[in-house]
Engineer: 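Below is a structure I'd like to ask you about.
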Protein chains: 2
Amino acid sequence: MERDTATAIFEALSSGVRLDVCWLLVRKGAEGMVAGDLATALNVLPSNLSFHLKALTQAGLVTGSQEGRFQRYRANTALMMDLVAYLAAECCPDNPGDADRVQPAIALTSP
Amino acid sequence: MERDTATAIFEALSSGVRLDVCWLLVRKGAEGMVAGDLATALNVLPSNLSFHLKALTQAGLVTGSQEGRFQRYRANTALMMDLVAYLAAECCPDNPGDADRVQPAIALTSP
DNA sequence: TCGATTTTTCAATAACTATTGAAACAATGG
DNA sequence: CCATTGTTTCAATAGTTATTGAAAAATCGA
């Protein structure tokens, strides 16, 4: 993962509302959630949620698809896992340069 | 890790300069780096670097210690690994609720 | 088609962030 | 004690971000 991609994703995750959206959508899996239900569940104004969903979409963390007059959003778990791998690789003190060796960094947190 | 802690860390990592600082300090390990050397290595004005180091310190990602008239900074790799564990736990679609099962999320990126 | 529903866009505002150069502060060495 | 070195603070500026309510756009059901 490139540095600018990483910073864009981190910026997208730097808001409580957006973090809530992401983790809620992750838990919903392939089913995802419709914008209105997300707004209700998170107690956020629809216009404000739309603002945050746009940011998350531009970062690639969620995708939206139209269903009639509803807009369904789903988490991009593949990108999220890419981020985990990137972070693990960079945080591993004896960094190998890419994300091939993520195990050691994880092992230290859950031996 | 609590949500507000996570958002604070993500915000700290949402700048290219701060990301560079973090990964450079991680690679330096316990030796760390002096502020001036960091500024030179990253080609950033000292006053600007100080601004970013302050942000990273407040987020807990780096620590500073005085050495004579130098200020040495080191990465807080423990917190970084906590973040990896948090992310992995939240991104794992069948989220167990905490960071105990990070392996499955990793395995998908490097089978 | 008409009215209702869902979502996005827009405008206005307030607050925050990054950058720069100058000044201030702190510590050292002569 | 003074000049120098390293770092931080400050002020000014420009750009960005979050929030709200109103309006607009899109879709559906009757």
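Naming convention: chains lettered A, B, ... in sequence-line order (proteins, then strands); numbering from 1 in each chain. Small disclaimer: the values here were computed from a predicted structure and weren't measured.
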Engineer: Is it the case that the side chain of B:Arg18 and the backbone of B:His52 share a donor-acceptor pair, with hydrogens and angles ignored and the cut-off at 3.5 Å?
Structural biologist: no
Engineer: Quick check against the 3.5 Å criterion: does A:Arg74 have a side-chain atom that pairs as donor or acceptor with the backbone of A:Ala30?
Structural biologist: yes
Engineer: Report the distance from atom CE of A:Met33 to atom P of C:dT7, rounded to the nearest whole Å.
Structural biologist: 11 Å
Engineer: Tell me whether the count of non-hydrogen atoms from other residues, nucleotides or ligands lying under 6.0 Å of CD in B:Glu67 goes above 12.
Structural biologist: yes
Engineer: So, OP1 or OP2 of C:dT19: does either fall under 4.0 Å of a side-chain N or O from B:His52?
Structural biologist: yes
Engineer: Let's see if you can work this out: which of D:dT8, C:dT17, D:dG6 has an atom nearest to the side-chain heavy atoms of B:Phe70?
Structural biologist: D:dG6
Engineer: Whole angstroms only, please: what is the CD-P distance between B:Gln58 and D:dT8?
Structural biologist: 13 Å
Engineer: Once you round it to whole Å, what is the distance between P of C:dT6 and CG of A:Leu53?
Structural biologist: 16 Å
Engineer: Rounding to a whole Å, what distance do you find between A:Glu11:CD and D:dT17:C1'?
Structural biologist: 8 Å
Engineer: Rounded to whole angstrom units, what separation is found between the CG atom of A:Asp37 and the C1' atom of C:dT5?
Structural biologist: 13 Å
Engineer: Please list, pair by pair, any protein nitrogen or oxygen found under 3.5 Å from a nitrogen or oxygen in nucleotides 21-29 of chain D.
Structural biologist:
{"from": "D:dG21", "atom 1": "O6", "to": "A:Ser47", "atom 2": "OG", "distance (Å)": "3.4"}

Engineer: Grab the NZ-C1' distance between A:Lys54 and C:dC10 for me, whole Å please.
Structural biologist: 10 Å
Engineer: So, OP1 or OP2 of C:dT8: does either fall under 4.0 Å of a side-chain N or O from A:Tyr73?
Structural biologist: yes
Engineer: Looking at B:Ser50 and B:Ser47, would you say the former's side chain and the latter's main chain have a donor-acceptor pair under 3.5 Å?
Structural biologist: no
Engineer: May I have the distance from B:Phe51 (atom CZ) to D:dT13 (atom P), rounded to whole angstrom?
Structural biologist: 18 Å
Engineer: When we call it a touch if two heavy atoms are under 4.0 Å apart, what does A:Arg18 touch: a base, just sugar-phosphate, or nothing?
Structural biologist: sugar-phosphate
Engineer: Any donor and acceptor pair, going by atom type alone, linking the side chain of A:Arg3 with main-chain N or O of B:Gly16 inside 3.5 Å?
Structural biologist: yes
Engineer: Between B:Arg72 and B:Glu31 (side chain of the first, backbone of the second, donor and acceptor by atom type, cut-off under 3.5 Å), is there such a pair?
Structural biologist: yes
Engineer: Using modelled atom types and a 3.5 Å cut-off, is there a donor and acceptor pairing between side-chain atoms of A:Thr40 and backbone atoms of A:Gly36?
Structural biologist: yes
Engineer: Mind calculating the distance between CD (B:Gln71) and P (C:dC25) to the nearest angstrom?
Structural biologist: 17 Å
